A.B. asks: 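I have a structure here, written as structure tokens, and I will follow up with some questions on it.
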Amino acid sequence: MKNIQWIKSPENREGAAYTFVKRFSAKDVKYAVAKISAMGIYTAFINGERLGNQVLTPGFTSYRRRVQYQSYDITSLLQEENKIEINAGPGWASGNFGLEGKDKVFAEHISIVAEIELTLENGEKEIVTTDETWETFSNKVTFSGIFCGETFDATHTPVRIGFAAADEIGASLIPDVGEKILEQERIAPVELITTPNGERVIDFGQNMTGYVEFCVQGKREERIVTDCAEVLDKDGNFYNENYRSAKNEVVFILDGEKRTYKPQFSFQGFRYIRLKEYPDIPVDFANIRAIAVHSDLRRIGYFSCGEARVNQLYHNIIWGQKSNYLDIPTDCPQRDERQGWTGDAQVFCRAAAMNYDVSKFFEKWLADLRLEQREDGAIYGVCPESFKNPQSHTMVSAAWGDAAVIIPWELYRAYGDKRILADNFEMMKKWVNYQRSAGNEEFLWLGGRHYGDWLAMDAGGESCVGATSNDLIASAFYAGAADIVVRAGEVLREDVSGYRELHKNIVAKFREYFLENGLPKAEFPLTEPVRPGKKVQDALRLGMTQTALVLILHFRLCKEDERGLVADKLEELIESFGTRMTTGFVGTPYILHVLTESGKTELAYKLLLQNKNPSWLYSVEHGATTMWEHWNGIREDGSLWGADMNSFNHYAYGAVGDWLYGAAAGITVCEDGAGYKKMTIAPHPCKELGFINCKMETASGTVESNWYCKGEKVYFEITVPHGAEAKIILPNGYEEDVCGGKYNFTV
Ligand code: BGC
């Protein structure tokens, strides 16, 4: 699709959708394809038939650089005289969306582009493209936005409003490269609640991303008006302050006919909807469905055990992924963010890659990340960067930017496809080069602005940033990134001797600057600026935190013979905090793994099964159906943590999923056998869990690790796919190298 005229509506009413129409003849057509895109969100129809089943097309990419188009086979829909109609709403590109600006971040106008290629019986081609022969009409969607919701006025009669050529579109058009965004689960309401303050609220029983469909007949001009919520407040009343400026208001104005309505250009994150207005008819559950919308990923991982709360946690991890893998990996789907936060994506990607095949999903996003990487190698906090003024986006943070190395590496490990490393290798190296030049020390990353151990609990429950020193976090991730570049380079047979040397130097310098006998020094110089007006206190730059110890172990920063000491200290800190974690986004993903690697699996299980805040089961016991952003989003007394940063659908802490697969069930891919050509299967049974059934459909075939406790014995049933190799390691120390087949053991 090249050199095709984009067109826009001559009118540009706030939030309004428009319909672009073209009539064309088609005779003796052998086959026909329509290619369509928009700066906005579109749905297309030929002779009244909807094209395809994808929703929220053309999807979300780095709109300043590239925008996808979809191709539809329209052969069977054509008649002699045809009408193509393209409805387009403002969507991500030109509507109420964005991290800064929150409106028209990428484009002032909705605009569309289309090309219909008719191949005639005689082999000749006729092309119909968007040009001045198209007409624009007003649309029944009179208002919409990703954050604000949507208004559909069934009484509105579209009026002709002429034609306008679009302004120059800088983005190049590319065929769609990601997974399709589809309507997935259809969920019936479970309860109609009348809240203590008299409002009618429908509970769907599951927090999710999508929208609600109504099939109703009311009187003309009657309205359905809803907004939504993830939780009810302490008293059982509707609560949506945590959505901040995102109104999520859906309005349906009836015309007296029986109609089915659902938003086309917006989506919401919700479990509950409030009926602010409803026609004078009974609320009939048969006619109301919540529709979960997400990228169409193939499920590959399955886990269940004998502990209902852990199963609920796993369910919440899966639904956290469903809710936030909507074309890009988002932080949350409900409030005025819904951004591709790089840190969140990085933290969760390993678990995500075990739950679903996320290779294509991430290939698309990583391509955007590459395009948005700054010349000097910096990687921003969000991708696609949705700042009206990209210059205002100056935050380049450790652990967030590391998405550029960690995600390609994890995808390679999971699926064994070297191409993912090859495609991203330049970006990975550039990020490490950036880290090298970012601080005032070549082999440490000191200073700068970072998100830190985001939402950790050790800086006081009210702070968003944990107590761990940013310098220590940044330098630890710098070491980790250099190490990944070395390992990726070895896979690609690239010369990485410079990075190997660099990694050695970072580790040496890290030890000298931060550590004494493997443990963080009581004090090291503070370089970090205090952010004016932020809760971060410079007194909170500590080295001796759970997260610091976790990072030292995970990135192998202390000497090998000091690891035991570091792990003991970690245990001590955990125990002194009531056998609980204080870790945030940075430390949590690795804490159980480093405990298991240090022979402290019993303690790892205690953390997994802990139910006092902060813990995974705390949210489960407080009714969570997805992962919470805050360990204590709902406090012990039922009050809410706060309105500002309190999402109930943030997948980051769902990273624990990879410990369930990798340690509890024990299926871990070996580095020299990416894609599970080689793996270890080292299950860690636990009486409280009783049993685990775990299955993964890997690139090398289906792996299973099941165990159950009976009396004093544990029974293991392990399946290794043919063509793969596994080292089985049982808790009693028994080891066996096996190839494809089924293996049973009793210990
Ligand atoms: C997001 C996070 C994100 C963070 C950066 C928040 O507003 O929701 O998940 O990583 O900002 O610190």
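Because the structure is a prediction, the values reported are computed rather than measured. One-based numbering, in listed order, for ligands and for the atoms of each.
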A.B. asks: Between Gln339 and Glu337 (side chain of the first, backbone of the second, donor and acceptor by atom type, cut-off under 3.5 Å), is there such a pair?
C.D. replies: yes
A.B. asks: Report yes or no: do Asn649 and Ser647 form a side-chain donor-acceptor pair below 3.5 Å?
C.D. replies: no
A.B. asks: Quick one: are the ring centres of Trp341 and Phe585 less than 6.0 Å apart?
C.D. replies: no
A.B. asks: Identify all pairs of nitrogen or oxygen atoms, one from ligand 1 and one from the protein, separated by less than 3.5 Å, and list them with distances.
C.D. replies:
from: ligand 1; atom 1: 7 (O); to: Glu337; atom 2: OE1; distance (Å): 3.1
from: ligand 1; atom 1: 7 (O); to: Glu337; atom 2: OE2; distance (Å): 2.5
from: ligand 1; atom 1: 8 (O); to: Asp331; atom 2: OD2; distance (Å): 2.7
from: ligand 1; atom 1: 8 (O); to: Arg335; atom 2: NH2; distance (Å): 2.6
from: ligand 1; atom 1: 8 (O); to: His650; atom 2: NE2; distance (Å): 3.0
from: ligand 1; atom 1: 9 (O); to: Asp344; atom 2: OD1; distance (Å): 3.3
from: ligand 1; atom 1: 9 (O); to: Asp344; atom 2: OD2; distance (Å): 2.5
from: ligand 1; atom 1: 9 (O); to: His650; atom 2: NE2; distance (Å): 2.9
from: ligand 1; atom 1: 10 (O); to: Asp344; atom 2: OD1; distance (Å): 2.6
from: ligand 1; atom 1: 10 (O); to: Trp400; atom 2: NE1; distance (Å): 2.9

A.B. asks: If we ignore angles and hydrogens, is there a donor and acceptor under 3.5 Å between the side chains of Asn324 and Thr330?
C.D. replies: yes
A.B. asks: Between Ser469 and Asp471, is there a side-chain donor-acceptor contact under 3.5 Å, judged purely by atom types and distance?
C.D. replies: no
A.B. asks: Say whether Glu230 and Asn207, considering side chains only, have a donor N or O and an acceptor N or O under 3.5 Å apart.
C.D. replies: yes
